[in-house]
Amino acid sequence: MKERDELRASESQFKHSTKDLKDSTCALKERLISCSNGGDIAKKPTQSLIYVTQLRRSLSQQVKPKPEPTASSVLEKTSSGQAKAEINEMRSLSPPSLSSSRKPNEKELIELDCVSVIEGSAEVGKESQDEKQWKEMKLHLDDLPGILAQLSKIKLTALVVSTTSAGFALAPGPFDLPCLLLTLVGTGLASCAANPINQFFEVPFDSNMNGTKNRPLVRGQISPLLAVSFATCCAVPGVALLAWGVNPLMGALVAFNIFLYTCCYTPLKRISFANTWFGAVVGAIPPIRGWTAATGSLKAGTFLLGGILYSWQFPHFNALSWGLREDYPPGGYCMMSVMHLALCRCVALRHGLALVGLSTAAPLLDFTTWTFPIISLRISLYISYLGFRFYTQANQKSSRRLFFCSLWHLPLLLLLLLTCKQPQGVKRDQGEPRQ
Ligand code: HEM
Ligand SMILES: CC(C)=CCC/C(C)=C/CC/C(C)=C/COP(=O)(O)OP(=O)(O)O
């Protein structure tokens, strides 16, 4: 008799838990269907990282508490190659599909249910009540400018436009304001086109990095379709403005710049640490474009200016990436600071010294007066000294000092170039041929 009662009690308990499981499955199914109907669903970022996981071809966002990596564990990983294994594991993920209206078929729904319910039930005890709920996030029009600014990496875009204007101002010849304005607007539009495409490709990886997990596409604040449409609406007028408003060489250079950043540098970030060399070319082209806008041709001075920007980016980024080396393996990024730390330090020093050489070459190419290398030698030797400190002893202090030095070194160097620019008028008066 007693056994039968116990049996009945456990049977009703089992029925209850099955019912709970069914309820959570239905709730999940509703969520998924509304999500696949293109609804802008976003998970409010919780303190745990949001994984964008690929479940049998359909991407969905789930919150899974992730153990924060500690420096020692990452260093161990780096030494034992586990970091590389983590990078390989992340490589297989593909970017989100454009059409968010694709409906996962019934089989995927059921499979997803199984996976999610298992994880859900396993972790349900750990998450607080509000973390379990999906936060419906509609795209509000007044949020759009901020979202598009983040999508365009507006600060970096402004800096790239400023180096373009430096290239224009340093070029020989008369000052043409309409040409300058067209060049700057075209360059800004090109950067506003390239950065959203870069972020579209990097959603599954950025979601695993502390520095990028709150980006609009990762948080679902804007749909991939809208982001790529925005990029297209910037790219077409940007390239057209430069090609027909300035000169065809400009149009070709900016189209190449966008291609190099989105189709070469971006995918290469997850394939080889050589990506930084590609990124340095991407960042060196804008001032070359500014010079080309003013002169319509590529001269020695153009490549000197491009060379200065190219070399400057290594101490800038290698120092920064040393501090981010814990973040890169979960995102699947192959950076020198993770894969070849010695090379990372050596390259930063090498290109710091290259800046000394390039500054000295400026008057030799008739680009500036000899005042430039005499004055700029100090700041270029200083960044080289910090590069040497980073090379001999890479730690948080030396890497941060080198990175922050790079942030004032570039604008100061460009300012010195401008003030010590070779006075073209004087040369022309002496019957020198116009450059
Ligand atoms: C290889 C090329 C480059 C790479 C890989 C790179 C990467 C980065 C990264 C990851 C950051 C940190 C961003 C953040 O944490 O929000 C950063 C910051 C910065 N970058 Fe670069 N960058 C490159 C080229 C450039 C160029 C060409 C410029 C200027 C024209 C530039 C100027 C800056 C500035 C000023 C900051 C600090 C911005 C801030 O503190 O919010 N970088 N860079
Ligand atoms: C005009 C034009 C086409 C510009 C291209 C974009 C641009 C401003 C490039 C600057 C150099 C660069 C590689 C930045 C890092 O990008 P990242 O994607 O590694 O930065 P992240 O780590 O923040 O994602």
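Computed over heavy atoms, backbone and side chain alike; hydrogens, waters and symmetry mates excluded. Ligands are counted one by one from 1 in listed order, and the atoms in each one are counted from 1 as well.
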Protein contact to atom 36 (C) of ligand 1 [nearest heavy atom, distance to 0.1 Å]: L407 CD2, 3.8 Å
Distance filter under 4.0 Å to L156 heavy atoms, resulting ligand 2 atoms: 8 (C), 14 (C)
Residue pairs passing the side chain to side chain donor-acceptor pair (under 3.5 Å) test where at least one lies in residues 344-363, sequence neighbours excluded: S311-H351
Of the listed options A235, S152, A255, A194, closest to atom 3 (C) of ligand 2 (non-hydrogen atoms): A194
Proximal ligand 2 atoms for E202, defined as those under 4.0 Å from one of its heavy atoms: 24 (O)
All N/O donor-acceptor pairs, side-chain side in residues 243-251, below 3.5 Å, sequence neighbours left out:
unit_1 : atom_1 : unit_2 : atom_2 : d
N247   : OD1    : L249   : N      : 3.2
N247   : OD1    : M250   : N      : 2.8
N247   : ND2    : T292   : O      : 3.3

F278 contact mode with ligand 1 (heavy-atom cut-off under 4.0 Å): neither
Heavy atom of protein closer than 4.0 angstrom to atom 21 (Fe) of ligand 1: yes
Side-chain heavy-atom pair K421, L417 within 4.5 angstrom cut-off: no
Nearest neighbour in protein (non-hydrogen) for atom 12 (C) of ligand 2: Y261 CE1, 4.3 Å
For atom 9 (C) of ligand 2, the protein heavy atom that lies nearest, with its residue and separation: V282 CG1, 3.7 Å
Atom pair CG/OG of L412 and S380 - distance to nearest 0.5 Å: 9.0 Å
Ring geometry between H316 and W312 (parallel below 30°, tilted from 30 to 60°, perpendicular above 60°): parallel
Non-hydrogen atoms of S191 and T157 that approach each other most closely: OG-OG1, 2.8 Å
Y310 and F314 aromatic ring geometry - parallel, tilted or perpendicular at 30°/60° bounds: perpendicular
Options Y265, Y328, F256, ranked by nearest heavy atom to atom 15 (C) of ligand 2, top entry: Y265
Ligand 1 contacted by Y265 (non-hydrogen, < 4.0 Å): yes
Shortest protein contact, atom 30 (C) of ligand 1 (heavy atom only): T163 CG2, 3.6 Å
Over-ring placement of R270 relative to Y333, 6.0 Å and 45° cut-offs: no
Sub-4.0 Å heavy-atom approach of T212 to ligand 2: no
Nearest non-hydrogen protein atom, atom 40 (O) of ligand 1: K155 NZ, 4.3 Å
Nearest protein heavy atom under 4.0 Å from atom 15 (O) of ligand 1, yes or no: no
Nearest-neighbour protein heavy atom for atom 28 (C) of ligand 1, which is reported as residue plus atom name and distance: W312 CZ3, 3.6 Å
Residue, atom name and distance, where the atom is the protein heavy atom closest to atom 4 (C) of ligand 2: S191 OG, 4.0 Å
Contact partition for Q199 relative to ligand 2, non-hydrogen atoms under 4.0 Å: neither
Nearest protein heavy atom under 4.0 Å from atom 7 (C) of ligand 1, yes or no: yes
Sub-4.0 Å atoms of ligand 2 with respect to non-hydrogen atoms of V160: 8 (C)
Atom 20 (O) of ligand 2: the protein heavy-atom neighbour that sits closest, reported with distance to 0.1 Å: K153 NZ, 3.4 Å
N257, any N or O under 3.5 Å of ligand 2 N or O: no
Numbered atoms and elements of ligand 2 in range of N198, under 4.0 angstrom, heavy atoms: 18 (O)
Ligand 2 contact by R215, heavy-atom criterion under 4.0 angstrom: yes
Contact check, A280 vs ligand 1, heavy-atom distance below 4.0 Å: yes
With sequence neighbours excluded, residues passing salt bridge (charged side-chain N to carboxylate O under 4.0 Å, His left out) with K153: none
Tally, protein N/O/S atoms nearer to atom 21 (Fe) of ligand 1 than 2.8 Å: 1
Within reach of ligand 2, part of R289 (heavy-atom separation under 4.0 Å): side chain
